[in-house]
Amino acid sequence: MYRTHTCGELRESHIGQEVTLSGWVHKTRGLGGMTFIDVRDRYGITQLVIDVSKNPDLNEPAQSLGREFVISVTGTVIERESKNKKMSTGDVEILVNKIIILNKSEIPPFTIEDNTDGGDELRMKYRYLDLRRNPLQKALELRHNMGIQVRNFLHNQGFFEIETPYLIKSTPEGARDFVVPSRMNQNQFYALPQSPQTFKQLLMIAGYDRYFQIVKCFRDEDLRADRQPEFTQIDCEMAFVERDDILNMFENLAKHLFKSIKGIDIDYEFPKMQYDDAMTQYGNDKPDIRFEMKFNELTEKVQNKGFVVFDNAEYIGGICAEGCATYTRKELDKLTDFVKRPQIGAQGLIYVKYNEDGTFKSSVDKFFDAEQLKTWAEQMNAKPGDLLLVIAGIKNKTLSALSGLRLEMGKRLGLMDNNKFAPLWVVDFPLLEWDEDSKRFHAMHHPFTSPRPEDMHMFDTDPGKIKANAYDLVINGVEIGGGSIRIHDKDLQAKMFKALGFTKEEAEEQFGFLMNAFKYGAPPHGGVAFGFDRWASLFAGLDSIRDVIAFPKNNSGRDVMIDSPSKIARVQLDELLLNTIEAKK
Ligand code: ASP
């Protein structure tokens, strides 16, 4: 028998028992005729002691042990002389009488510790060693538990988990497709699904009125901390529902996860924020509402006072940073540099200090006297001791720069506590988004999203103004999921394709199957999909979704462990009638 207990299991109550443990050698140290070994498995670490004077046979195997050797040991549980309160097994140790080396290990390229000395790429290359570390094991455990809770909750609500194919025809979700050549259908390609969107709609037409799936999706886009080329969605769809039926159902799912995973009771209804308000008050369609610091528009108040920067601006707005009037010149310069970074995109930063003694000091003292600055302060709800930070410029750019500045100030002021959660629904997104480059509309969500009923009439007159019956779940500034009520009428769907610039033939070729299905009794339906990796990393308090994915890709989309993507053999290419050409340098 390899083990009677795990390495995280033994307590004082086991003292006197003979036990067998198996695991990896975490650490060894010798101390005057005694050898101490920490043996580790997924459940914890247990200390072993070898008293060589009493058990000379153990000397040789004990001396030969290296880090990450796999061993099986038998011995008696004894009370530990110096107890370690930080370890769950810290009250006991095992006096060993038998060691078997099950397998040796080379010296691992980095330490298997919570704070390892291995860099990112190295740990990715040896991901199976990185996965031995406690923080990763905890993250995967949390992810597993979330998956179980999602399935429990949705099963209890009558949802069926139904798998949909991975080899499909492209679904337009706004990204590039990964394509797979077909051997049996030469010169033709499958696409890997960006999401199961059209299939889940077809399932509604098929009468499975509550569907979900924890499913891989594939999008060939540039990668960031919260993006991977393959990622997992909790994909859901319901029939015979209106928007609020869906929001209720999935708000309850979110509350269930908060409770079962984080132990947090949320006893209020999630706020619903209009997309337009999110943009004007937070400059962002995924506002972090753990803290206020909303924008205040000053455009009318401050123009035509002789300050050209303001006079030439389309929009002028600011935020009030509480208690920051004491900021030094140096700190203000740093903030100015921050907003000028290309990712933030402002031309400059104007500050107004509302000093504790009621006086004002600003970077625009030449143009605005104390009385005028006081009216800014009043509008921005500032009190003595606060700092006003103002940006001017083209409206969209300025809102987005203010959003970056707001988040930076939130971070500096410690307002973004990882243990605090502020969920909300953002609703009423625009249906269409104008793209200057291609001079046509794109679907902001996807082409199957229904307009709000009250906006339908604008299809022929002012399509850019139509609001979609779409919603996002946002938690702490992270877009956790999004969805919409769908179009279920073939004429309306045709109108939508037309607005998106598809000819009848193009629409027919790409989506004929869906339009056809709409002819056979499509029920009203809608749904949502949540980014499972993102949600898990948010709950785990991690910055990157990589840390909740067992085998992630790096920023260039490579799996450096298995070395993929890679070339394929000539015979494989021949079978597929494919040729590769060298990329131009
Ligand atoms: N398919 C959508 C997405 O992946 C989600 C949805 O509309 O349900 O974003």
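Residue numbers start at 1 and run along the sequence shown. Note that ligands are numbered from 1 as they come in the structure, with each ligand's atoms numbered from 1 the same way.
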Quick one: nearest non-hydrogen protein atom to atom 9 (O) of ligand 1, plus distance?
->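 Going by distance alone, atom 9 (O) of ligand 1 is nearest to Glu173 OE1, 3.6 Å.
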
Looking at ligand 1, does [X] have a heavy atom less than 4.0 Å from it?
X: Lys200; value: yes
X: Arg219; value: yes
X: His445; value: yes

Could you tell me whether [X] and [Y] have a side-chain N and a carboxylate O separated by less than 4.0 Å?
X: Arg558; Y: Asp563; result: yes
X: Asp417; Y: Lys420; result: no
X: Glu408; Y: Arg412; result: yes
X: Glu230; Y: Lys553; result: yes
X: Asp435; Y: Arg440; result: no

What about the rings of Phe231 and Phe532, do their centers lie closer together than 6.0 Å?
->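 When the ring centroids of Phe231 and Phe532 are compared, they turn out to be at least 6.0 Å apart.
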
With a heavy-atom distance limit of 4.0 Å, tell me whether [X] approaches ligand 1 through its side chain, its backbone, both, or neither.
X: Ala529; answer: both
X: Val528; answer: backbone
X: Glu237; answer: neither

Aromatic plane relationship, Tyr268 with Phe270 - under 30° parallel, 30 to 60° tilted, over 60° perpendicular |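 Because their plane-to-plane angle lies in the 30° to 60° range, the rings of Phe270 and Tyr268 count as tilted.
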
Do the rings of Phe539 and Phe258 sit parallel, tilted or perpendicular, given the 30° and 60° boundaries?
->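 Rings of Phe539 and Phe258: tilted, as their planes differ by 30° to 60°.
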
Has ligand 1 got any nitrogen or oxygen that is less than 3.5 angstrom from a nitrogen or oxygen of Ser484?
->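 Between Ser484 and ligand 1 (N or O atoms, distance only) the closest approach is not under 3.5 Å.
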
So is there a nitrogen or oxygen of Asp235 less than 3.5 Å from a nitrogen or oxygen in ligand 1?
->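 By distance alone, the answer is no.
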
Quick check on contacts: which atoms of ligand 1 are under 4.0 angstrom from a heavy atom of [X]?
X: Ser195; value: 1 (N), 4 (O)
X: Gly482; value: 5 (C), 6 (C), 8 (O)
X: Gly483; value: 6 (C), 7 (O)

State which residue, out of Asp455, Asp276, Asp428, fulfils the salt bridge (charged side-chain N to carboxylate O under 4.0 Å, His left out) condition with Lys467.
->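 Answer to the salt bridge (charged side-chain N to carboxylate O under 4.0 Å, His left out) test with Lys467 among Asp455, Asp276, Asp428: Asp276.
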
Select the closest option to atom 1 (N) of ligand 1 among Arg486, Gln197, Gln233, judged by heavy-atom distance.
->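 Shortest heavy-atom distance from atom 1 (N) of ligand 1: Gln197.
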
